[in-house]
Each structure stands twice: as structure tokens, then as C-alpha cells.
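Written below as C-alpha cells is the structure these notes are about.
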Amino acid sequence: MKNIALGQYYPAKSPLHRLDPRIKVLLALIYICAAAFCKNIIGFGVLLVSALLIVALGRIPFKTIFRSLTPVLFVMLFAVFFQVFFTKGDMLLFAWWKLQIYGEGLYLALFTIVRIFTLIIGTSMFLTYTTTPIELTYAIEDLLSPLKKLKVPVHDFAMMMTLALRFIPTLVEEADKIMTAQKARGADFSTGSLVQRAKALKPVLIPLIVSAMRHAVELAVAMECRCYHGDGTRMVVRKCRFSDIAALIVMIIFLAGIIYLNILGLVYTA
Amino acid sequence: MDLPFIKVENISYSYKGDGGVGVPVIKELSLEIREGEFVAVLGHNGSGKSTLAKLLNMIFSPQSGKIYIDGKDITAPDMTDDDVFALRKTVGMVFQNPDNQLVATIVEDDVAFGPENLSVPSEEIRKRVDEALRAVGMTKYAHHEPHRLSGGQKQRVAIAGIIAMLPKCIIFDESTAMLDPIGRREVMQTIKMLNEKMGITVIMITHYMDEAAMAGRIVVLDEGRIALDGKPSEVFEREELLRSMGLDVPQCAAIIHRLREAGVALKGDCTTPEKCAELIGRALGGEGRDV
């Protein structure tokens, strides 16, 4: 239970790790847009190559990346299944009984895989793997800071995010303890219908909520003792360097290129 | 004005109990603590020891009486928020549950939390964080996630978070109660180091006798009043009184006490097992004997 990775941060020294977190949030957003807008076969090739390039730049082992892809494998297979069997087109490749597979379906399936793959690589490489959760919350706070003028409590939201992340493992550990304690008293969590099992969780949830409240009260006192007042300096002050701006420009050109390829023709539409 | 570092004058405090009836916890208590002292506060459950700690840090305010800390009257009605921050910077507090004190998801970010709130310049924060982590021996873990550390390590990180605010005094509110023996030893060594090497005034609230024995002075609370106040050796001599308050006496002190009652002449103080062995060994006349 202690091995929960928070935000999956992977400590390493790489050009991606060194980038300003604020820029990384923007890069991730633009990259997601590029993956979403791309409709072109060359564009997909470019996307795939760029995703691999980004992984190499972040110096994250492919094994680690692959592990983070496994949970979405099911979604990918699901999408592929629908694209392959339910797309109708002109190029009939295979027909048997009521099943017809068209070339267009295969194309679309391939593109869906590339799209999901690049989306995950884009967000995880720019954000979770190379940026610590606290840097990320600071970055989001900074990027949203114009909203402070509209009296949106941006800092409070960022603090809440940090604390939520911090307490996930604590609460998981506690839920584990409570479940063990209830099992020792004869609770049964693993047999019966789904409804019965859900009901069996009630004696776990109630103590868990109570203890979460207690954590919150004690934490609030401890934070007050450390003079928390929602304002202050930061240990790491990030300044946008030339490389940050350069990365942002490269990414904008990349997005423009993808869109240009769409306009250029060779567009694949189902 | 020649005030001791902490001067508590006749303070009383009661909790709101059922039906709005006040339950008195601290009753007309007075106490003085000098700078650089290592004071252990002992008492069984409900003796008011944790409440006293929270009063010194302005988490609670006494209903009557005055508290002076570092020459300032912290019970004055004109205390501003900045005064409160200044007080909490001077008197840091480490609590019982290490999990409920760590704010950040990375050790060094957590240590930086206090100085960040005090608006210390960034380079200065960096320096303080490194020094604080070095002081508690956690430099190696600067980039770790707190939930992967042991209880003793987490508590040392919490201590580093307080040290980084450069306090003059740290209050430990049963900070070892939730730790295993190894964690307790780590934290006790750190507390001793803070007091001896860094000159920080330590107030340690505990119910472990052997920990209290390490302090320079013990204050025993009973029902919101000070029952005993003195050097560990003096306090532990009052075995009957301590037992009547639901407290124990460390084994070595009890042995010496019983030997003295039996008429064995033992000279000197005795609070640790080593000293105890030495005393008995000398009484047996075996100067060179292996004890």
C-alpha cells in the first residue's frame, strides 16, 4: 500500500525536467490540441514520431511509460473494435456472415490508437512524469492568477489540490487498517452480490470519514502553527528562460504544422 | 524589564463541556522557563499538559491570567495577526501524529512551508531548508515523498519544518507517542541535539518516564495545577506522590529509592540505568567491578 505513486513523478535530470512547469502546462495543452485536430495521415506519422522524441527528451524508460499505458489498453481495444467492425466505406477487405471490414475502418482504428497514445504521452511526459505535484499546483496557480482579479480563490484551490494529493496515501493506509479491523470482527467484503458488498463497506466508510475529519482539524492547527495565511514567498522561484520560450515556440509551430497538413489535403475523413 | 523567556502568571482555562458548562482544565497555573532550558511536562491523561502547550502557542487563549513570551505579553488584547505569526515563529510546535503535520508531497517542500509563509526570501529559504534537513539527519531524503518514510523519519521532517523557521523554543506535544522504539530513540536524540547544540529551549510534553528523565527539569501537572517541579532526581524521589497521581517512576529510580529506604547508603543522583548500575556497584564496594 505504501507504493502508491503520487502523480508518478520520475526523478531524473533531463531537458524536460528543467523546463518551467508553467510552460509545461501550456505545452501539454497545445500538444493535446495537435493530437485532437490531426486528421491527416502524414500528420499522424509526425505525431507518433514526436511522441517518441518527447519520451527520449524526458529520459524516462519506455518500460515505465508502457506500464502507465496498460490501464488504457482496454479503452484502446474497445475503440479499435468499434472502428474496425462498424465503419462502412468503399474498400471492402473482408466479409463473412454479417461482418464486413473496410479499409477505412482499419485506418480509423490505427488513427485512434495513435491519438490516444499521443494524448497520454503528451500529458504524462510534460506533466506527471517530469513535474512534481507541488510544482504543478504552483504552475496552475500562476497560470490562473489573472482570475484572482475576479476574486476567484486560486491560491486556496491550489492548496486544496496539494493537500488532497498529500493525503491520498494516508487515507488509503487508514482504509486498509479499518478494513482489517472490521474483518477481524467478522465483516465480509468479498462474497455476496454487488449490492451486499457495497453495503458491507458502510462500516468502513463511516470511520474513514470520521478520521478524515480528525486529520483535517489537526492539520489545520499544525498549519496555523507554521504561520499559514495563504500568502508568502516560494523556495523555488521559476523564471522563464530562453529555452522555455523556445520550447513554447517550437510547440506552436508544431500545432500550426499539423493544422496546415489538414488544410493541405490528403485529409482522411470517414 | 528582566523577564524570564517564558513567564506564565495565574492562568486558567476551561473547555466548553456538555450544556455549555465550563470544564476547568488549567487552574491558576504559574510557571517560569528560562532560555535554553530542557523542560519535560509530565501528567496523566486530562492533567492539562496538552492544553498548556496550546496556550503557549496561542492556539487557545487563557480566560484569565497572563503569559509573557520573550518579553511580550501574548495575552494582551491588542495582539495583531503579525504578532501571532511572530510568536509562532519564536515558539514552534511539533505534534503527536506526524501524518497530520506534513503539508507537502515532497520532504523539502514541506520543510520550506513555514519560511514560505513567513515571506523569507527564496535563496534564504533554500539555505534554511538544507540546514534544517542536515540538522535532523534527513538530507538524504530531501526529495522523498513523506508517506514512504517511517514514523520517526516523518517526525524528524516535521521537526526540520519547525527549525527552518528559526525558533527560540520548540514545544513537543507527545511527539513520540505514536512511534515505535526506534523512531522514539531517533526523535529523542534529535530533541537533545536541538537543546544542547543549537541552544533551543525545549518543552517536551510526554507520559514516558524514561524520556522525562533526559530533561534538565521536570514539571508534573495534576488536575490543571503544578504538583511537582524540579530536577529529575528530585522529582523521582517523590515516588508515592507520583503514584497517587497515576504516574510511574522509572525502574532505576525506584530501585535506588527502595535501597535507600532499606538503609543502603547511596550517594548521588540517578536517572539512567548506567548511573544506577554505577551507584549500586560503588555501594557494593567494587570500584573496579564490572557492573
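Convention: sequence-line order gives letters A, B, ...; per-chain numbering from 1. What's counted below: heavy atoms across the whole structure, side chains too, no hydrogens, waters or symmetry copies.
By the 6.0 Å contact criterion, CZ on A/F74 is open, its count of non-hydrogen atoms from other residues, nucleotides or ligands being 12 or less. By the 6.0 Å contact criterion, CG on A/L194 is open, its count of non-hydrogen atoms from other residues, nucleotides or ligands being 12 or less. Heavy-atom contacts from other residues, nucleotides or ligands closer than 6.0 Å to CG of A/L147 number more than 12. The 12-atom threshold is exceeded at NZ of A/K148, counting heavy atoms of other residues, nucleotides or ligands nearer than 6.0 Å. Environment of OH in B/Y141: sparse, with no more than 12 heavy atoms of neighbouring residues, nucleotides or ligands closer than 6.0 Å.
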Show every donor-acceptor pair shorter than 3.5 Å between a side-chain atom in residues 49-57 of chain B and any protein atom, with sequence neighbours excluded, or say none if there are none.
| unit_1 | atom_1 | unit_2 | atom_2 | d |
| --- | --- | --- | --- | --- |
| B/K49 | NZ | B/G43 | O | 3.0 |
| B/K49 | NZ | B/E174 | OE2 | 3.3 |
| B/S50 | OG | B/D173 | OD1 | 2.8 |
| B/S50 | OG | B/D173 | OD2 | 3.2 |
| B/T51 | OG1 | B/Y15 | OH | 3.4 |

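Atom NZ of B/K89 is separated from atom SG of A/C225 by 14.5 Å, given to the nearest 0.5 angstrom. We find the OG1-CD1 distance between A/T162 and B/I106 to be 11.5 Å, quoted to the nearest 0.5 Å. Taken from OG1 in B/T105 to CZ in A/F167, the straight-line distance is 11.5 Å, to the nearest 0.5 Å. Between atom NE2 of residue B/H147 and atom CG of residue A/L171 there is a gap of 12.0 Å, rounded to the nearest 0.5 Å. Between A/R226 atom CZ and B/E116 atom CD the span is 9.5 Å, to the nearest 0.5 Å. Taken to the nearest 0.5 Å, the CD atom of A/E224 stands 10.5 Å off from the CE atom of B/M58.
If you measure heavy-atom distances from B/P115 to chain A, the contacts under 4.5 Å come from the backbone alone. Both the backbone and the side chain of B/D110 have a heavy atom closer than 4.5 Å to some heavy atom of chain A. Within the 4.5 angstrom heavy-atom criterion, atoms from both the backbone and the side chain of B/E108 approach chain A. Only the side chain of B/V129 comes within contact range of chain A, judged by heavy atoms closer than 4.5 Å.
Residue with the most contacts toward chain A among B/I162, B/D109, B/V91, B/D81: B/D109 (heavy-atom pairs, distance under 4.5 Å). Chain A forms the most heavy-atom pairs under 4.5 Å with one residue out of B/A104, B/P167, B/P146, and that residue is B/A104.
Paired with A/C227 under the rule side chain to side chain contact (heavy atoms under 4.5 Å, CB included), one option of B/D82, B/L87, B/N117 passes, and it is B/N117.
A salt bridge links A/R166 with B/D99: the distance from a Lys NZ or Arg NE/NH1/NH2 to an Asp or Glu carboxylate oxygen falls below 4.0 Å.
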Apply side chain to side chain contact (heavy atoms under 4.5 Å, CB included) to the pair A/L219 and B/Q101, showing each step before the final yes or no. CA-CA 6 Å; A/L219 180 75; B/Q101 303 171 62; over 6 Å; no
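Minimum heavy-atom separation, B/F85 to A/Y228: CE2-O, 4.4 Å. Smallest separation of non-hydrogen atoms from B/N97 and A/E218: CB-OE1, 3.8 Å.
Remark: B/R128 engages B/E124 in a salt bridge (charged side-chain N to carboxylate O under 4.0 Å, His left out) (not counting sequence neighbours).
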